[in-house]
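Read the structure below first, then the notes.
One-based numbering, in listed order, for ligands and for the atoms of each. Heavy-atom basis, side chains included; hydrogens, waters and symmetry copies ignored.
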Amino acid sequence: MKNITIRSKITILFAISLLVISMILFLLLRYISGIVLYNTARNFLLSSVNANEDQIVYIQDGNSLKDVADSDFTIAYHEGYLAIDDDFLDVINNVYVALYSEDGNLIYGSNPLANQLRGETFVENTIREYQYEQTKYQIYERKVNVSGVDGLWLRGVMPLTVQDNQLQDITMIAIFILPILIALASLFAYFLSGRMLEPIRYIDKLSSEITHGTDLKRRIQLEGPDDEIHQLANTIDSMIGRLDEAFETEKQFTSDASHELRTPMSVIIAECEYILDKDREKEEYVDALRTILRQGSRMNGLINDMLDYTRMDQKAQNYPLSDVNLSSLVQEVGGEMALLKEKDISLEVEAEENIHILGNRTLLIRLLQNIISNSYRYGKEDGFIKVQLTSVDKKAVLSVEDNGQGIEEKALEHIFDRFYRAESSRTQKGTGLGLSMVKRIVDIHHAEIQVESKVNEGSLFQVTFEKM
Ligand code: ADP
């Protein structure tokens, strides 16, 4: 069955089940027909024998013979006579009835098994079966109840040829008709399963076209009822959609990254060409080297951030979530970052104790570091940074507030985009990847991030986690 198509498998299974069911039905039908036919025959045999009993009279007085009709059969028996009415039916509808004397001699009637049953003892009131050559017989015998004489027997014999022939006919019909019906039904099943599997062939064709082609914008978009096949097509469509999105993101990232790297690289090349153009003063060489170092460091920062970003983006599943004491983590990271003291900015940490969340320590440290280092980077001289962790109902709210340069309103909706840097920030160091990494970490934790900011007044970043 390994290499057989689903269509053929369905047809074969259907044909086998049909065959088994029809065999069972046929055997049942044959069995019931047998019972009905043989029972009818048996009842007919009984009634035919019993009816003939009334047609026998025993006459002891010879004078009374004159009262017997001419058409009746009379025979001397013992001291009297037996008179058998002409209504005695010795052969009727395949039932043979005969009257026997006590010693087993046939007195009147017919019996097709006369020779075979000669000398056999009579069995009172039972129907027995008898097989002679190819024919089955039913035999019924009973003592005759006629006043004045004892020991007479009636024997009914019925060959079951009609019933056997009828059963044989049923068998023959089944043998010829059933295979034809099964073949027709299987053909129909083959045709129908072909129709039912058509959408699957279409899905297969389109999926392989999409796999071997480059157009990830195509979709199966199966029409028709909302059945399992339709759901499968929808699942494949959304899978292709996800793939398309991932490829687009990848493409966008590569193009953004090349764009970001191109600027410092062009500056380095231009600076080198300028300085090597002719002999220069020592200060000029030093200036050029400083520019090259600055641009080189920028490229280095970009490459490091890009590596971090892509590593995290590709392997989110490599950062398993577990019970994290966010209170002590905030205290630790805040404490370490307070040591930076850039621009004489003070950093204050206020964290409610024992707040636990389901998270990843490494990612949460990076999230906090990125937000706090932005507050330093875009903060004012002698400014402040306030890191707070509070518990509100079932949520843990982590906030980082500064009184730095703030973010223009139109920039707010872009700050989480990759490589985005607000115009006012371009003079400071930075790669534009920090907050997109923060957003990714927030998503991995199924948390939410909100930003409030006013230019020249400061910014507030708030991350809300589900508490454990
Ligand atoms: P960058 O490397 O430029 O800091 P980020 O992704 O961390 O990149 O931030 C994106 C932009 O958001 C920054 O360039 C800056 O314009 C703005 N930004 C982020 N944090 C602050 C902040 N605390 N104060 C003012 N502007 C900020």
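- Summary of contacts: the protein heavy atom closest to atom 13 (C) of ligand 1 is Tyr378 OH, 3.4 Å.
- The pair Arg128-Glu120 meets the salt-bridge criterion, with a side-chain N (NZ, NE, NH1 or NH2) lying under 4.0 Å from an Asp/Glu carboxylate O.
- Looking at ligand 1, you won't find any N or O of Gln405 less than 3.5 Å from one of its N or O atoms.
- Using 4.0 Å as the threshold, Phe461 has a heavy atom nearer than that to some atom of ligand 1.
- Residue contacts with ligand 1 include Ser459, since one of its heavy atoms falls under 4.0 Å from the ligand.
- A salt bridge links Lys217 to Asp244: at least one charged side-chain nitrogen sits closer than 4.0 Å to a carboxylate oxygen.
- For ligand 1, the atoms closer than 4.0 angstrom to any heavy atom of Gly432 are 1 (P), 2 (O), 3 (O), 6 (O), 8 (O).
- Below 4.0 Å from some heavy atom of Ala422 lie the following atoms of ligand 1, by number and element: 14 (O), 16 (O).
- With sequence neighbours left out, the ring pair (Phe, Tyr, Trp, His ring centres under 6.0 Å) criterion links Tyr132 to no other residue.
- Applying the 4.0 Å criterion to heavy atoms of Tyr420 picks out, from ligand 1, the atoms 10 (C), 11 (C).
- Taking every heavy atom of Gly430 and a limit of under 4.0 angstrom, the matching atoms of ligand 1 come to 2 (O).
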### Message
side chain to side chain contact (heavy atoms under 4.5 Å, CB included) for Ile372 and Leu347? Distances and angles first, verdict last.
### Response
CA-CA 9 Å; Ile372 296 176; Leu347 190 146; 3.5 Å; yes
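- Of the protein's non-hydrogen atoms, the one nearest atom 16 (O) of ligand 1 is Ser425 OG, 2.5 Å.
- For atom 5 (P) of ligand 1, the nearest non-hydrogen atom of the protein is Leu435 N, 3.5 Å.
- Ligand-side atoms of ligand 1 in range of Gly434: 5 (P), 6 (O), 7 (O), range being under 4.0 angstrom from any heavy atom.
- Salt-bridge formation is detected for the pair Arg155/Glu141: a Lys NZ or Arg NE/NH1/NH2 atom is positioned less than 4.0 Å from an Asp or Glu carboxylate oxygen.
- Between Arg421 and ligand 1, an N or O atom pair is found at a separation short of 3.5 Å.
- Counting only distance, with no hydrogens or angles, the side chain of Lys467 and the backbone of Asp393 share a donor-acceptor pair below 3.5 Å.
- Summary of contacts: the protein heavy atom closest to atom 19 (C) of ligand 1 is Asn374 ND2, 3.5 Å.
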